[in-house]
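Throughout, a chain's letter reflects where its sequence line sits, starting with A, and its residues are numbered from 1. Hydrogens, waters and symmetry mates play no part in the numbers below; they use all other heavy atoms, side chains included.
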4 protein chains.
Amino acid sequence: MSGTLNKVMLIGHTGDEIKMHYFEGGGSIGRFPLATNETYTNRTTGERVSNTEWHNIVMRNKAAEICEKYLKKGDKIYIEGRLKTRKWQDDQGRDRYSTEIQCTEFTFLTPKGEGGAMPPDSSSAPAKEQVHTSQPQVEEPIGEEDDDLPF
Amino acid sequence: MSGTLNKVMLIGHTGDEIKMHYFEGGGSIGRFPLATNETYTNRTTGERVSNTEWHNIVMRNKAAEICEKYLKKGDKIYIEGRLKTRKWQDDQGRDRYSTEIQCTEFTFLTPKGEGGAMPPDSSSAPAKEQVHTSQPQVEEPIGEEDDDLPF
Amino acid sequence: MSGTLNKVMLIGHTGDEIKMHYFEGGGSIGRFPLATNETYTNRTTGERVSNTEWHNIVMRNKAAEICEKYLKKGDKIYIEGRLKTRKWQDDQGRDRYSTEIQCTEFTFLTPKGEGGAMPPDSSSAPAKEQVHTSQPQVEEPIGEEDDDLPF
Amino acid sequence: MSGTLNKVMLIGHTGDEIKMHYFEGGGSIGRFPLATNETYTNRTTGERVSNTEWHNIVMRNKAAEICEKYLKKGDKIYIEGRLKTRKWQDDQGRDRYSTEIQCTEFTFLTPKGEGGAMPPDSSSAPAKEQVHTSQPQVEEPIGEEDDDLPF
DNA sequence: TTTT
DNA sequence: TTTT
């Protein structure tokens with residue numbers, strides 16, 4: 001079914017490095033926290049309010065491995081993904097819920113080269129086996145035949 | 001602080017009508033669940049998988065009141081907003097977290113007129129006091145002076 | 001290069017059916033116009049203003065063919081894509097530019113079944129060879145292994 | 001009318017400083033070019049292809065003035081806006097069209113402080129008279145009363 | 001050229 | 001708890 005949309009777009013700073021978990025079959029999953037900020041002036045008190053929101057980012061396979069290599073704590077990153085709320089049981093057997101952003105695209109926004117290990121073009125390396133968990137500009141290689149055709 | 005982005009865009013169906021709460025000062029808040037669906041073919045088993053994801057939508061003031069009047073259970077709606085995770089205590093005093101989408105814009109997608117109470121243009125009524133909780137096309141009335149000027 | 005984002009998200013009504021062009025190699029391309037509307041109250045005159053904006057949508061391969069089959073003039077559709085400005089020469093040899101939205105994802109929003117030819121699940125048919133020109137919920141089949149794992 | 005969506009989200013680098021135009025009534029408009037990049041590997045030839053796409057950004061009033069002060073050529077910026085195609089006549093009286101992005105929100109992504117004139121918090125200064133042409137995190141000051149209430 |  |  002469909003006719004629905006589930007999309008999240010974040011620009012924020014990582015609160016930690018990615019924590020990886022490798023599957024036997026060769027797959028992998030990684031998680032890290034991402035912080036976004038909001039500031040506004042409270043209309044009643046007139047004071048400046050500042051809030052930080054933390055998001056649970058989940059990446060898989062190639063994308064996760066690229067982040068393991070190149071994404072450092074504090075880096076700025078653009079994340080696109082889908083909201084997913086996982087259900088789990090706490091130690092008392094109670095249902096608990098945790099909302100995550102399953103990343104489908106990302107792009108590094110921290111300028112490179114300052115002693116970092118990042119190669120010139122790593123931020124746009126395609127995530128091959130899992131096409132969608134990668135760079136926006138990378139995974140949609142539309143238009144190879146033409147774009148010059150007169151129609 | 002800033003330089004960050006926290007944006008959610010959903011198209012889904014409401015699982016219930018909006019539950020309103022009115023503040024003494026005149027403000028109001030409303031909540032309703034929104035369902036999005038995803039289907040894909042499991043590559044290993046080849047079977048068709050279908051998942052429903054539920055989102056907690058939060059609206060305020062004018063926007064909430066428009067939804068109270070016109071949004072019915074099962075309606076399709078576009079929601080734009082921000083992710084916010086609220087912390088609360090359960091009856092055992094344990095910290096619990098609930099992630100919500102604070103709606104900043106919306107537009108009704110269910111065709112009207114089939115016996116509905118919706119006025120011709122209600123889906124684009126501006127939410128005055130809270131400019132951002134309204135229709136995309138309504139709140140950004142950019143460009144009244146020109147758009148024909150030669151520059 | 002990368003570290004950039006080029007994303008367009010539209011909900012509108014098609015102004016015409018898709019015009020297809022088939023390549024010899026088996027590929028195809030299709031184009032159709034999409035209308036979005038905006039209404040607002042002119043603050044100076046107080047009058048209600050209504051504008052229609054027309055967008056040039058470009059689809060390829062599987063996605064284009066799905067639209068050729070099922071998308072009718074006047075249908076409502078969600079389109080996600082990238083902006084691309086094409087350069088061409090008019091009959092006087094002057095440079096002309098045309099901005100298009102190269103569709104990477106879409107989902108039909110017009111309710112089906114009213115005499116339409118649309119099969120139950122066509123709106124979520126995956127665009128195989130070109131993974132990204134398809135349904136949002138379809139192309140990102142993240143998470144087949146787990147989502148129940150305790151980490 | 002409504003029930004439609006017209007949204008563009010870009011992260012790119014400015015190709016020039018903003019060109020301002022001031023109206024007599026006190027309003028202002030500014031324009032600058034923004035570059036986004038895409039790279040992919042041509043499947044047929046196997047060669048790496050790199051394209052730059054240029055976008056015409058239009059800002060108004062407070063937002064334009066903030067960019068005039070603080071946005072430098074080459075800076076990275078997040079732009080959110082609406083697509084609008086303007087019609088104009090060339091010197092031969094022919095109809096010409098130019099597609100622009102009318103900015104509704106933005107956030108600076110270039111790290112500050114490197115000799116720049118940018119104050120610590122300028123990137124989140126609210127654009128008062130025109131609420132929507134400003135920072136994402138600024139213009140939607142939802143939730144001043146509570147967020148701790150038990151419902 | 002769409003839709004409400 | 002929605003929808004197709």
Whole angstrom is fine here: how far is it from NZ in Lys19(B) over to C1' in dT2(F)? 13 Å
Provide, to the nearest angstrom, the distance between the CD1 atom belonging to Ile79(B) and the P atom belonging to dT3(F). 16 Å
Whole-Å gap separating P (dT2(E)) and CG (Asp16(C)): 9 Å
Asp91(C)/Arg94(C) ion pair, N-O < 4.0 Å: no
Could you check which of dT1(F), dT1(E), dT3(F) has an atom nearest any side-chain atom of Asn37(B)? dT3(F)
Ranking dT1(E), dT1(F), dT2(E) by distance to the side chain of Ala35(C), first place goes to dT2(E)
Sugar-phosphate only, base, or nothing, as touched by Gly74(B) at under 4.0 Å among non-hydrogen atoms: sugar-phosphate
Please give, in whole Å, the distance from dT1(F) P to Leu34(B) CG? 16 Å
With Glu17(C) via side-chain hydrogen bond (donor to acceptor under 3.5 Å, both in side chains) - residues at least two apart: none
Starting from P on dT2(F), measure out to CD1 on Ile11(B) and report it in whole angstrom. 20 Å
Donor-acceptor pair present, Thr52(C) side chain and dT2(E) base, under 3.5 Å: yes
Separation of dT2(F) atom P from Phe32(B) atom CZ, nearest Å, is 15 Å
Using atom CH2 of Trp54(B) as one end and atom P of dT1(F) as the other, report the distance to the nearest whole Å. 9 Å
Would you mind checking if Glu53(A) and Lys84(B) are paired as a salt bridge, meaning a charged N to carboxylate O distance below 4.0 Å? no
Send over the distance from Ile57(C) CD1 to dT1(E) P, rounded to a whole Å. 19 Å
Among residues at least two apart in sequence or on other chains, which ones pass side-chain hydrogen bond (donor to acceptor under 3.5 Å, both in side chains) with Ser98(B)? none
